[in-house]
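A short worksheet on the structure shown next.
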Amino acid sequence: MASETKAPQAVTQYRGKNFDARAIETFLYDWWETSGFFAPPEERPGEKPFVMMLPLPNVTGDLHLGHALSFGGYEDLMARWHRMRGEPTLWLPGSDHAGIIAQIVVEKELAKEFGTRKKQPEAPTTQEGLSREQFLGEMWHWMEHYKPRIYKQLRMLGCSLDWTRVHFTMDPDMQRRVRIHFIRLYQKGHLYRANRIVHWCLTCGTTYSDLESKHIIRTDQLSYVRYPWADPMPPGTPDVIVATTRPETILADTAVAVHPDDDRWKALIGKEVLVPVAERRVKIIGDAAVDREFGTGALKVTPGHDQTDFEIGQRHGLQVLSVIDTRGLMTAAAGPLAGLDRDTARTAMVDRLATKGLLSSQEPITHAVGVHERCDTVDEPLVMKQWWMRMPPLAKPAIDAVRNGTTKIIPAYQEKIFFEWMENIRDWPVSRQIWWGHAIPVWYCRDCEAVIVPDEDAPDPTTCPMCRSTDIRQDPDVLDTWFSSALWPHSTLGWPEQTKDLERFYPGSVLETGYDILFYWVARMMMMGLENMGDVPFHTVYLHGLVRMGNQKMSKSKGNVVSPVGMIEEHGADALRYALVNGVSAGADSEFSEGKLENGRRFVNKLWNIGRFALAQIEARPGALAGPLDVSPAGSPDLTEADRWILSRTEATAEELTRLIEQYQFGEYATALQQFVWSEVADVYVELAKPQRRPAGSEDAAVRTLAYVFDRVLRLAHPIMPFVTDTLALQLWEYGRKDDVAPSLVVSRWPVAGQRERRLEDRFGLAIEVIRRIRERRQHGGVEPGAKVRVSLSGEADPLRPFTGIIASLSGADVDFGGGAEAPTMVRSVEIRVAIPRDAAADRTRLHKELDAALQLLEQSRTLLGSDFAKRAPAPVVEKARAALAERQAAVASLKTELAKLD
RNA sequence: GGACUCGUGGCUCAGCGGUUAGAGCACUCGGUUCACAUCCGAGGGGUCGCUGGUUCGAAUCCAGCCGAGUCCACCA
């Protein structure tokens, strides 16, 4: 830990009447960081560190609200809370090189800077005029621009990340680790190179995996095409007509498939037809993948350009023909269509079929079409030689880990989704045809075609170990960006070296991220962690929902992406963080709004002003805090009922908030915090702490109570609102408190709940209900707001005697316990008589209304207790119901008596 | 086709077996202006999607249905 410096004056001397986050946030964050508060302290024996990896944002990206929720809401909340619980906490930052996305971003930047450049058609991702080395030079250059941007945004959110351990997935040492990982996986047989059908994006010029593919609904022409019989057939043999939306691929057909149980066709399996235009003889084969309901039940099989057809081809040993290249142009194999792009070729083919009389009919069809999720370009399935990762064996241990609880997923229903995917996992194509990314450590010999994979600690090979040729060349592809991020939890800690960090911080604790990257990242981290480390990377996966605004999923194309940066600048990070987390339950999507942000801002300001009040009281009575702060009844005999009440409520809240955070119920934590701070501390206690409301001689007790309660409140609120709380704590701690203080809330201790006075809490609660009712009666009775009113309490009012002064003060009444002439109102079994101008008619109406309500409640109690409830329900529950019945009986009796008097 | 989630006051959501179902925002009324570009107080507003079932007791558990959304596979 760096030596901590004194907190900046901009913070300790900030005295704004309202909290202006801009005045202090940057100073405070810089101080936290330079003081080393965010780095885990020196290792201590027996410690249990809390370790979390930041879900690395794309280096070229900007933070969006989802990040703000994730990083500034849940993760920083957890990091700060665990740190305050005394656990050495490591929250490790970094960014992802974001392969294809970053390459596209920089290509656009280059285009802006140097004018539009025509892309070379044979290598779509190449900037014309730039060699691969030059282009990568540009990429690195731009990284220096983007990296600080994204890191600054994380700092603005207040994220307590350990910046001494920041990593970037393309750092040279990370590249080395990825290389070693690749080589080890290869040597163990988890990686192989194969010629298979893959998704190809014509816009991005690269392959992509199933996960990066999505479907859109589109309407196309469905063409029915007749495939003439190759040999003379007996009369009555039906024509073979297939339905296709891609007639241009007919030229690559190598079979026609029908369902083996299809009565219309099964007798014809094994016969041959001629592929139109190509005039090639192909067999009719039987395969269960064919949908009998679709079209005529006969399917043209094009293994070179369709996923399903490729699989059918594999099963039947069919030849794979290619008629479309990586630019989307028809190849020489397409004969008359060679050179046309795929869309033109489609029309041309239809024309030709029509001319030849082979086009039976056409109709529009609405169907799902696979597209690349990055750019919505329609998928062009191609057969290419690619590196693949064999997934099922890697998935097995990860499935087991979740099944046996080693790693727990929250919310639990996501586990089902995890299993579903993992148990049906398919091999992962990991090579990408772009330049920005991790190189594949494989060389190919041009002379003997050997595949050369060096040992993990060997330098790049220069000669072929098989034939000694020097004509070898490295695989030009790079690895999928998720290949490197899958290693993040161990590679950032030094793997494969057995570093101190790796030993101390692996396995980690929690992985918090959006459910949308469960497969992309979480599952893969688990698999690679288990493979490389023999242990899971985290014991808990907390998945949060999406943040929507205006009820729409935010996306760049919809143009409704709202930047949290502007919100922070306007309202402060605390307000934003609070607004995002408040009232959202685990895993649920949430709707964000200006209103929520406004509420967050006002809550932050409320806290600030409670602080201003507390500090002013403390300053006014400096002697009150001399010596240790003891607010136990023994240590402070001058405490009033109100002081003891708020102290007890504070302990109750500490207990409750601790439980909520422990159970990952962050939304409820935020709500409960606001409830306590606003309705109890501010609206009730602060009012009762004002000198003009204090019984003489209890002023010092109020100051001590305020100091204690406020200190607890700041700690309890710090995980979600770090800036305003630490500013206040630093100022509060200037005054005399000697015990339990820290240089900053960041490194202070989370409160341990102390003794409560439950009876007092209950009775005080009753007093508050009574106060409410008096206020209501005053208003409805037309009493002048400032005027004093006389109130008599009777019935079961004895427990309220200690609170006479409080009731009087907060309701503007002179209170006695004698009963009186006025018509009462009932709160539970306490009769309240408020002296207001009598109006017998109004009294009667009101009393009747109250009586009706009371009778209904009484009836409910009686029905309940008259049923089997009394026999079957647990004793404490029945006891409660009995007490309620008694109270309701008393209330009804009292109201009846009063009504009788009126009549 | 398979699976999952959600349907609670005008809006956004909590609550997920036991008192008269809560919060924020919005709304109505009344105050205040040396903690609070505000704040305080009071109030109106809910057949907890529908129909059955389990239970002494269901917004909460189960089944079916209706509606909204998501994921996985496929759509030639």
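Because the structure is predicted, anything quoted here is derived from the model rather than measured.
A14(B) and G7(B) are spaced 15 Å apart, taking the C1' atom of each and rounding to whole Å. Spacing between U8(B) and U60(B) at atom P, rounded to whole Å, works out to 13 Å. For the P atoms, the distance linking C66(B) with C50(B) amounts to 15 Å, nearest Å. For the P atom pair drawn from C74(B) and C11(B), the interatomic distance equals 40 Å after rounding to whole Å. Rounded to whole Å, the P atom of G45(B) lies 14 Å from the corresponding atom of G22(B). For the C1' atoms, the distance from U38(B) to U32(B) is 10 Å, rounded to whole Å. Between the P atoms of G17(B) and G10(B), the separation comes to 26 Å (whole Å). C29(B) and G44(B) are spaced 10 Å apart, taking the C1' atom of each and rounding to whole Å.
Computed from coordinates, the Phe519(A) CZ to U70(B) P distance equals 16 Å when rounded to whole Å. Summarising the geometry, the separation between CG on Leu851(A) and P on U20(B) is reported as 18 Å, rounded to the nearest angstrom. In this structure, Arg246(A) atom CZ and C75(B) atom P are separated by 12 Å, rounded to whole Å. Tyr515(A) places its OH atom 13 Å from the P atom of G69(B), with the value rounded to the nearest Å. Whole-Å rounding puts the Gln414(A) CD to C6(B) C1' distance at 13 Å. Rounded to whole Å, the distance from NE2 on His780(A) to P on G41(B) is 16 Å. Per the geometry, CG belonging to Leu810(A) stands 15 Å off C1' belonging to G31(B), to the nearest Å. In this structure, His367(A) places its NE2 atom 13 Å from C1' of C74(B), rounding to the nearest Å.
The ring pair (Phe, Tyr, Trp, His ring centres under 6.0 Å) test applied to Phe418(A) returns no partner, not counting sequence neighbours. A search for salt bridge (charged side-chain N to carboxylate O under 4.0 Å, His left out) contacts involving Asp253(A) returns Lys300(A), not counting sequence neighbours.
Panel note: side chain His305(A), backbone Val323(A); a donor-acceptor pair is recorded below 3.5 Å.
Between Arg601(A) and the phosphate of U38(B), there is a side-chain N or O to OP1/OP2 separation shorter than 4.0 Å.
For the salt bridge (charged side-chain N to carboxylate O under 4.0 Å, His left out) condition, the pairs that include at least one residue of residues 670-693 of chain A, sequence neighbours left out, are Arg649(A)-Glu680(A), Glu687(A)-Lys690(A), Glu687(A)-Arg693(A).
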Derivation of the side-chain contact (heavy atoms from CB on, under 4.5 Å) call for Val892(A) and Leu851(A): CA-CA 6 Å; Val892(A) 166; Leu851(A) 182 60; 4.0 Å; yes

Salt bridge (charged side-chain N to carboxylate O under 4.0 Å, His left out) assessment of Arg758(A) paired with Glu761(A): CA-CA 5 Å; Arg758(A) 285 168 200 273; Glu761(A) 283 185 46; over 6 Å; no

Step-by-step side-chain contact (heavy atoms from CB on, under 4.5 Å) determination, Ile425(A) to Trp421(A): CA-CA 6 Å; Ile425(A) 198 164; Trp421(A) 191 75; 3.7 Å; yes

Evaluation steps, side-chain contact (heavy atoms from CB on, under 4.5 Å), between Tyr735(A) and Glu619(A): CA-CA 8 Å; Tyr735(A) 295 97; Glu619(A) 272 170 36; 2.4 Å; yes

side-chain contact (heavy atoms from CB on, under 4.5 Å) between His215(A) and Val369(A), worked out: CA-CA 5 Å; His215(A) 290 89; Val369(A) 181; over 6 Å; no

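No engagement by Arg778(A) is indicated, since no non-hydrogen atom pair under 4.0 Å with the nucleic acid exists. Among the atoms of the strands shown, only primed sugar atoms or phosphate atoms (P, OP1, OP2) are found under 4.0 Å from some heavy atom of Asp683(A). If you check every strand for non-hydrogen atoms under 4.0 Å, Lys17(A) touches sugar and phosphate atoms only. Asn599(A) comes within 4.0 angstrom of the backbone, heavy atoms only, and of no base. Across all strands, Gln675(A) comes closer than 4.0 Å only to sugar-phosphate atoms, never to a base (heavy-atom distances).
Of the listed nucleotides (A42(B), C74(B), G41(B)), C74(B) has the atom at the smallest distance from the side chain of Arg426(A). Checking C72(B), A73(B), G24(B) against the side-chain heavy atoms of Asp210(A) singles out A73(B) as nearest. Of the candidate nucleotides G43(B), C75(B), C36(B), C36(B) has the atom lying nearest to any side-chain atom of Asn605(A). Among U38(B), C75(B), U12(B), the nucleotide with an atom closest to any side-chain atom of Ala368(A) is C75(B). When each of A42(B), G24(B), C75(B) is scored by its nearest atom to the side-chain atoms of Gln674(A), the top-ranked nucleotide is G24(B). Among the nucleotides C40(B), A42(B), U38(B), the one closest to any side-chain atom of Trp678(A) is C40(B). Comparing U5(B), C75(B), U12(B) against the side chain of Glu591(A) picks out U12(B) as the nearest. In this structure, of C36(B), C4(B), A73(B), it is C4(B) that holds the atom nearest to the side chain of Lys416(A).
For NZ of Lys788(A), the number of neighbouring non-hydrogen atoms (other residues, nucleotides, ligands) closer than 6.0 Å is greater than 12.
Both Ile417(A) and Arg775(A) lie close to RNA chain B; mapped to their nearest nucleotides by heavy-atom distance, the more 5′-ward contact belongs to Ile417(A). Nearest-nucleotide positions on RNA chain B place Ser590(A) closer to the 5' end than the other of Ser590(A) and Leu222(A).
For Tyr208(A) and Glu373(A), the side-chain atoms include no donor-acceptor pair closer than 3.5 Å.
In the region residues 606-616 of chain A, proximity to RNA chain B at under 4.0 angstrom, judged on heavy atoms, holds for Lys606(A), Asn609(A), Ile610(A), Arg612(A), Phe613(A).
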Dot-bracket notation for RNA chain B, counting Watson-Crick and G-U pairs under 3.5 Å, with | for partners on another strand: ((((((((.[[[[.)..(...]]]].(((((.......))))).....[[[[[..)....]]]]])))))))....

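The shortest side-chain heavy-atom distance between Pro691(A) and Gln617(A) falls under the 4.5 Å cut-off.
Taken from OH in Tyr542(A) to OH in Tyr515(A), the straight-line distance is 13.0 Å, to the nearest 0.5 Å.
Partner of Asp220(A) under the side-chain hydrogen bond (donor to acceptor under 3.5 Å, both in side chains) criterion, chosen from Arg246(A), Arg346(A), His367(A): His367(A).
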Short heteroatom pairs, N/O only, protein and nucleotides 14-19 of chain B, under 3.5 Å:
{"residue": "A14(B)", "atom": "OP1", "partner": "Ser585(A)", "partner atom": "OG", "Å": "3.0"}
{"residue": "A14(B)", "atom": "O2'", "partner": "Glu668(A)", "partner atom": "OE2", "Å": "3.1"}
{"residue": "U19(B)", "atom": "O2'", "partner": "Arg888(A)", "partner atom": "NH2", "Å": "3.0"}

